[in-house]
2 protein chains.
Amino acid sequence: MEKHVEFSSEEQHPYDIIIRSIRQRLLNGEMKPGDRLPAERKLAEEYGVSRNYVREALKALEGYGIVETRPQSGTFIVGLDVNALDGIFADVLRLDAFDFASMVEMRAILEVSAARMCAQRRTEEQLVQIKRALDNYIAAFEQGNQEQVYSTDFEFHRTIAAGSGNTTLRSMLMLITPDILSSYRKQSMCSVADTKPLEEHKLLYRFIAEQRPEVAAELMNAHLEGILNYAKQLRKQSE
Amino acid sequence: MEKHVEFSSEEQHPYDIIIRSIRQRLLNGEMKPGDRLPAERKLAEEYGVSRNYVREALKALEGYGIVETRPQSGTFIVGLDVNALDGIFADVLRLDAFDFASMVEMRAILEVSAARMCAQRRTEEQLVQIKRALDNYIAAFEQGNQEQVYSTDFEFHRTIAAGSGNTTLRSMLMLITPDILSSYRKQSMCSVADTKPLEEHKLLYRFIAEQRPEVAAELMNAHLEGILNYAKQLRKQSE
DNA sequence: TTGCTAAAATTGGTTGACCAATTCAAAGTC
DNA sequence: GACTTTGAATTGGTCAACCAATTTTAGCAA
């Protein structure tokens with residue numbers, strides 16, 4: 001293989017190639033759950049890539065629970081059913097291909113749950129932080145700074161997620177929000193001209209302060225409705 | 001720094017140290033959103049670690065949308081509000097500390113949504129795959145193989161998530177399920193002796209086949225109720 | 001002073017080499 | 001023959017060095 005050649009957009013990244021290949025070995029029956037897969041050096045040589053890429057790929061697979069790696073011993077396929085494993089593989093390979101419609105839809109589900117749980121369980125300290133985020137949002141609105149509005153809007157929603165008391169929910173929301181934000185920017189959604197979201201944020205804070213879970217959840221749902229409809233349109237278009 | 005010293009459980013992994021430090025610089029005001037952070041070599045030298053760890057940490061931060069790295073140019077902090085950025089940092093640092101209660105609670109939220117959406121939108125082909133997973137599950141049950149039951153149960157739920165048509169939902173579920181599964185194993189939950197989940201799976205398949213979203217969602221909720229109660233107990237204990 | 005050009009320094013991307021822990025099999029012992 | 005010992009080979013973990021693209025700077029010309 002040529003040395004020091006950057007990977008053009010046409011050819012796949014070694015990362016993908018390796019993961020796909022390991023998946024193939026599993027489907028072929030060449031390897032079974034529980035087996036130890038070839039050493040990193042071996043894999044690197046087979047695919048004609050550096051060991052770094054192999055390690056990177058294996059690390060990703062480990063993150064998804066497909067393999068376990070024991071130092072100075074080897075990397076092993078976990079003892080799940082082949083079908084189950086293949087399902088995870090499919091997800092790992094597509095993970096960066098989160099389509100926008102799915103993300104937005106998912107955001108709505110998570111945010112509504114977060115609002116409900118936050119109204120139920122928020123501590124006083126968390127409420128203070130939500131209030132602070134709200135104030136920053138209002139200030140950005142009055143200032144008319146579009147970029148600041150995005151940023152503080154994001155922060156407001158994040159504090160609510162934190163107030164849900166569910167660390168997993170919070171992390172998952174964080175996982176998709178940056179992508180969604182950048183999409184908003186491109187499409188110039190949530191213009192600063194529209195004051196409706198501002199009122200909704202204020203009201204949302206009140207419901208959370210008053211600990212009214214269902215009302216808060218409903219309002220959050222309404223708050224994201226515009227975006228949801230947009231997602232539905234996208235879904236229809238792609239059909 | 002000593003060479004080739006494995007990191008004991010007491011001292012933190014370089015990965016964490018680097019991320020924490022970058023966060024600190026941001027909070028100090030030493031760096032602002034949009035700034036370029038020091039070169040990888042510089043950071044490596046400062047923290048007395050290898051460049052590998054710096055790159056690993058930066059890659060993680062890039063994955064969470066905190067920084068953007070441009071080849072041969074540098075790594076830049078994205079232009080979000082400082083508060084917003086710090087929120088993400090908190091999540092990145094805690095990500096591997098998904099507490100079990102949160103994960104289980106989250107799983108229930110995701111699975112109920114998945115069941116509903118699956119009943120609405122599943123294609124015929126997806127239905128076939130769900131049926132196949134169900135049959136494997138039943139077979140494992142009759143065979144009395146506990147490990148196989150876990151595995152096929154997991155696969156059944158996965159096919160439903162796939163049938164939801166929402167790739168993000170699917171990926172998120174995949175993200176937490178392995179951890180949950182391993183916890184189940186440790187606690188010997190969902191024993192093969194109990195045939196209730198078996199009946200629920202059969203019924204769930206029927207509702208999805210008949211395209212009855214709300215009933216399917218309700219049943220899924222009931223199906224996970226036992227686990228949810230367990231999570232609530234854990235939450236109370238930790239309070 | 002201003003604008004342009006080229007070379008030197010800096011950057012992230014990539015690779016090969018080294019390290020200690022583990023594994024495994026052959027030699028040794030009873 | 002069964003068990004133990006030992007050392008060589010293999011493993012993942014770590015690090016330093018090299019590469020090409022980019023950025024910065026120094027020099028020169030107008």
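Each chain gets a letter, A, B and so on, in the order its sequence line appears, and its residues count up from 1.
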- Among C:dT15, D:dC15, C:dT11, which nucleotide sits nearest the side chain of B:Arg36? C:dT11
Return yes if the base of [N] and the side-chain atoms of [X] contain a donor-acceptor N/O pair under 3.5 Å, otherwise no.
X: B:Arg41; N: C:dG12; result: yes
X: A:Arg51; N: D:dG13; result: yes
X: A:Arg70; N: D:dG12; result: no

- Heavy-atom side-chain proximity of A:Glu142 to A:Tyr137 below 4.5 angstrom: no
Could you tell me the separation between the [atom1] atom of [X] and the [atom2] atom of [N], rounded to a whole number of Å?
X: A:Glu56; N: D:dG13; atom1: CD; atom2: C1'; answer: 16 Å
X: B:Leu43; N: C:dT10; atom1: CG; atom2: C1'; answer: 14 Å
X: A:Lys42; N: D:dA9; atom1: NZ; atom2: P; answer: 15 Å
X: B:Glu40; N: D:dC15; atom1: CD; atom2: P; answer: 15 Å
X: A:Gln72; N: C:dC18; atom1: CD; atom2: P; answer: 17 Å
X: B:Asn52; N: C:dT15; atom1: CG; atom2: P; answer: 13 Å

- Message: Does a side-chain N or O of B:Thr75 approach OP1 or OP2 of C:dG12 to a distance below 4.0 Å, or not?
- Response: yes
- N/O (side chain, B:Ser73) to phosphate O (OP1/OP2, C:dG12) under 4.0 Å: no
